Amino acid sequence: MAETVPESQIKSGTGKVQINARYFVSLRGILKLIQLILGIICMALIIPVIANATYFFLVAVIISLVITVVWCFIYLLEVKELHSSTVKWTLTELVTTCFAAIMYFVAFIVHFDAWGPVVNYFGFSFPYASRNITAGVFGILNFLAYLAGTFYLVVDYRFRSK
C-alpha cells in the first residue's frame with residue numbers, strides 16, 4: 001500500500017516543487033528545446049552504428065542529450081528556485097553546456113573524417129552513408145545551438161551574477 005508523504009516533507013529550500021513551462025518560451029528555453037530536438041534527430045539518424053568513429057559521435061550525442069534533458073527538468077520543476085543558495089546554477093549550466101558544445105565539435109569532426117572518404121569512394125550508394133552524413137550536419141547545427149546557449153550563459157553569468 002502506498003504511503004502518502006506529508007506536505008511538510010515535500011518542501012525543500014524556499015518552496016514546493018511546481019511545474020513551470022514559462023522558461024521554454026524565453027530565448028534560452030527555446031534554445032534548450034532546439035538542442036533537445038536536434039539531439040533526438042542526430043540519435044535517430046546515427047543508428048545503426050557501422051564505423052568506429054560513429055560510436056564516439058553517438059556517445060557525444062547521448063551525453064549531450066542527457067545533459068539537456070536534466071536541465072529541461074530542472075527548469076520545468078523549478079529546482080533552481082528551491083536550492084538557489086546551495087548551488088551556483090548559472091555556472092553549473094555554463095560548464096555543462098560548454099562541455100556539450102565541445103563534445104559535439106570534436107564528434108562531428110571525427111564523424112565526418114570517418115564518413116567523408118566512404119562517400120567520396122563509394123558515393124551515397126554505400127549503405128547508411130546519406131544517413132550518417134545527415135547526422136553529421138545535424139551535429140553541426142546542434143553544436144551551433146549549444147554554442148549559442150553557452151554564449152547566453154556567459155553573458156548571464158558575467159552580468160547578472162555580480
Side-chain angles (χ1 to χ4, degrees), residues 10-51 53-115 128-162:
I10 295 174
K11 292 185 178 184
S12 174
T14 60
K16 294 186 240 177
V17 173
Q18 298 175 356
I19 293 180
N20 176 17
R22 287 177 287 146
Y23 171 78
F24 296 105
V25 295
S26 69
L27 181 61
R28 285 177 46 200
I30 291 170
L31 275 172
K32 281 280 180 244
L33 292 176
I34 289 171
Q35 293 165 0
L36 189 66
I37 291 168
L38 289 176
I40 291 170
I41 291 171
C42 280
M43 194 168 53
L45 288 171
I46 204 77
I47 296 171
V49 177
I50 296 174
T54 309
Y55 283 110
F56 179 69
F57 187 78
L58 183 63
V59 166
V61 168
I62 290 173
I63 289 172
S64 301
L65 192 63
V66 167
I67 288 171
T68 305
V69 167
V70 167
W71 280 109
C72 286
F73 277 115
I74 285 173
Y75 282 110
L76 186 66
L77 299 176
E78 293 185 337
V79 175
K80 286 177 73 170
E81 285 74 22
L82 293 175
H83 301 286
S84 60
S85 63
T86 57
V87 179
K88 295 184 179 185
W89 290 104
T90 306
L91 181 62
T92 306
E93 185 177 8
L94 173 63
V95 168
T96 57
T97 305
C98 184
F99 174 74
I102 292 169
M103 287 280 292
Y104 261 108
F105 181 72
V106 172
F108 82 73
I109 289 174
V110 169
H111 186 68
F112 278 139
D113 184 51
W115 280 96
Y128 302 108
S130 59
R131 288 179 64 155
N132 278 283
I133 295 299
T134 307
V137 171
F138 276 105
I140 292 173
L141 294 175
N142 213 357
F143 162 70
L144 294 174
Y146 277 104
L147 198 62
T150 303
F151 171 75
Y152 286 116
L153 285 166
V154 166
V155 169
D156 191 35
Y157 181 71
R158 289 188 56 119
F159 296 114
R160 293 190 185 162
S161 295
K162 294 180 180 180

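Model, not experiment: these values are computed from the prediction.
Applying the side chain to side chain donor-acceptor pair (under 3.5 Å) rule to T150 yields no partners; only residues at least two apart in sequence or on another chain are considered. Listed by chain and number, the residues in a salt bridge (charged side-chain N to carboxylate O under 4.0 Å, His left out) with R28 are E93, D156 (sequence neighbours excluded). Under the side chain to side chain donor-acceptor pair (under 3.5 Å) criterion, T97 pairs with no residue at all, not counting sequence neighbours.
For A135 against C42, the heavy-atom pair with the smallest separation is O-SG, 3.6 Å. Between I47 and L58, the shortest heavy-atom distance links the atoms CG1-CD1, 4.4 Å. In plain terms, the two heavy atoms of F24 and I30 that are nearest each other are O-CG1, 3.6 Å. Residue L31 comes nearest to G149 through the heavy atom pair CD1-N, 3.9 Å, listed as atom of the first residue, atom of the second, then distance.
Note that CZ of F138 and OH of Y104 are 11.0 Å apart. Values are rounded to the nearest 0.5 Å. Remark: T92 OG1 to Y157 OH distance equals 9.5 Å, nearest 0.5 Å. Atom CD1 in I140 sits 8.5 Å away from atom CD1 in I109 (nearest 0.5 Å). Between F99 atom CZ and I67 atom CD1 the span is 6.0 Å, to the nearest 0.5 Å.
The main-chain N or O of P48 is never found under 3.5 Å from a side-chain atom of R131 such that the two would form a donor-acceptor pair.
Around the OH atom of Y23, the shell of radius 6.0 Å holds more than 12 heavy atoms that belong to other residues, nucleotides or ligands.
In this pair, F105 and F108 present their aromatic rings perpendicular. The plane angle is above 60°, beyond the 30 to 60° band.
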